[in-house]
Amino acid sequence: MLGDIKGFTREELRRFFAEEGFAKFSSSQIFNWIYKKRVEDFSLMTNLSKSLRDFLPRNFYFSKLELKDKAVSEDKTEKFLFKLKDSSLIETVLIPEPKRNTLCLSTQVGCKFKCSFCVSGLSGFKRNLEVSEMVNQFLYLSDYLKPAKVTNAVFMGIGEPLDNLENLIKAVKIIMDEQGIYLGKRKICISTAGLASKIRNLADLGLGVGLSVSLHCADDQRRSRIMPINKRYSLEELTKALLYFTKKEKKPVTLEYILIKELNSSREDAVRLSRLARKLNCKINLIPYNPCEYFEWQAPDKSEIEGFTKALKEKNTFFTLRKARGRDIEASCGQLRSRFEA
Ligand code: SF4
């Protein structure tokens, strides 16, 4: 048995079929059946040769995710908890908006990076997600949404996507493939806590997908306090890597900034953030912190948010103030999963 068919890119399948003496275009036909027609039974793929239909089940299988729990927020954000084959749990979030349906996908079981506001890091790192486990999150939710469509995908759920770069890239290629799911590169965004070396690797691949950085502090001392990754890659190194990405991909990155009460939401913080944003010529997403029982941090006061955004405006810094979605269903990454773990 070779493995899970949804773990292979079309190019990998094409090479494999060519080696086995099958027509190279079989990979496109199979992609079409699985990802466009959503057929997960080789015997029903009627335009494949009989010999290939016999060969496929001896070498490949179809994996599935098992839904363990689901929560729906008052604001319609939906959170899905999936059980994997080794009983690990991961979460996928669906964020419906009037004109789009965004999925927030997980890339690892747990996380190594232990950011001090994130539940995903609390129980440590277990393993990387396989390619098909990422693809299956997308497929499950796109089947669930029918006849509506998934319009955007952000790799921003449990785990640090760039810490699982090889599998992530394959999953992105499958999701972007024109013979398969065919979600446009501009509709896909990868998030990182700031793995500078991997940001450069991603830029070199030239996939054309967006990159967003969980910044949350624009000075090294406090950023290192809440995001230990900053001790490995300082803001200076991170900035250089982001400039490299911007130049290579010819598109700006996005800075994500969670406003936390009395931690990073002063006027001086806003001035530092706008200086960095100007250097990177990028946009900023501000998100008020979503408090949870695991951490001491609090949501910022209205006056803090107003003071912060006023300072950004004075500096002509482009930003969007987003709502914290799904507050009532523990939609911050890892929160639902943590309730099911000892
Ligand atoms: S914010 Fe991202 S990198 Fe940090 S602990 Fe959470 S999942 Fe990991």
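All values reported here derive from a predicted model rather than from experimental measurement. For ligands, and for the atoms within them, numbers begin at 1 and follow the listed sequence.
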Ring centre gap for Tyr35 and Tyr182 strictly below 6.0 Å | no
Counting heavy atoms under 4.0 Å, the part of Met227 that contacts ligand 1 is neither
Can you check salt bridge (Lys or Arg N to Asp or Glu O under 4.0 Å) on Glu314 and Arg267, steps first, answer last?
-> CA-CA 11 Å; Glu314 284 167 6; Arg267 202 187 144 74; 2.8 Å; yes
To which of Gly159, Ser120, Ser191 does the heavy atom nearest atom 2 (Fe) of ligand 1 belong?
-> Gly159
Any atoms of ligand 1 less than 4.0 Å from a non-hydrogen atom of Lys114? List them with their elements.
-> 5 (S)
Cys118 near atom 4 (Fe) of ligand 1: N/O/S under 2.8 Å | no
Start with the C-alpha distance between Phe16 and Phe22, add both sets of side-chain angles, then the distance that settles ring-ring contact (aromatic ring centres under 6.0 Å, His included), and finish with yes or no.
-> CA-CA 9 Å; Phe16 176 70; Phe22 294 105; 8.3 Å; no
Examine Cys111 and say whether one of its N/O/S atoms is closer to atom 8 (Fe) of ligand 1 than 2.8 Å.
-> yes
Measuring from Ile181:CD1 to Ile34:CD1, what's the distance to the nearest 0.5 Å?
-> 10.0 Å
Which atoms of ligand 1 have any heavy atom of Ala193 under 4.0 Å away?
-> 3 (S)
Is the gap between the ring centers of Phe308 and Tyr257 under 6.0 Å?
-> yes
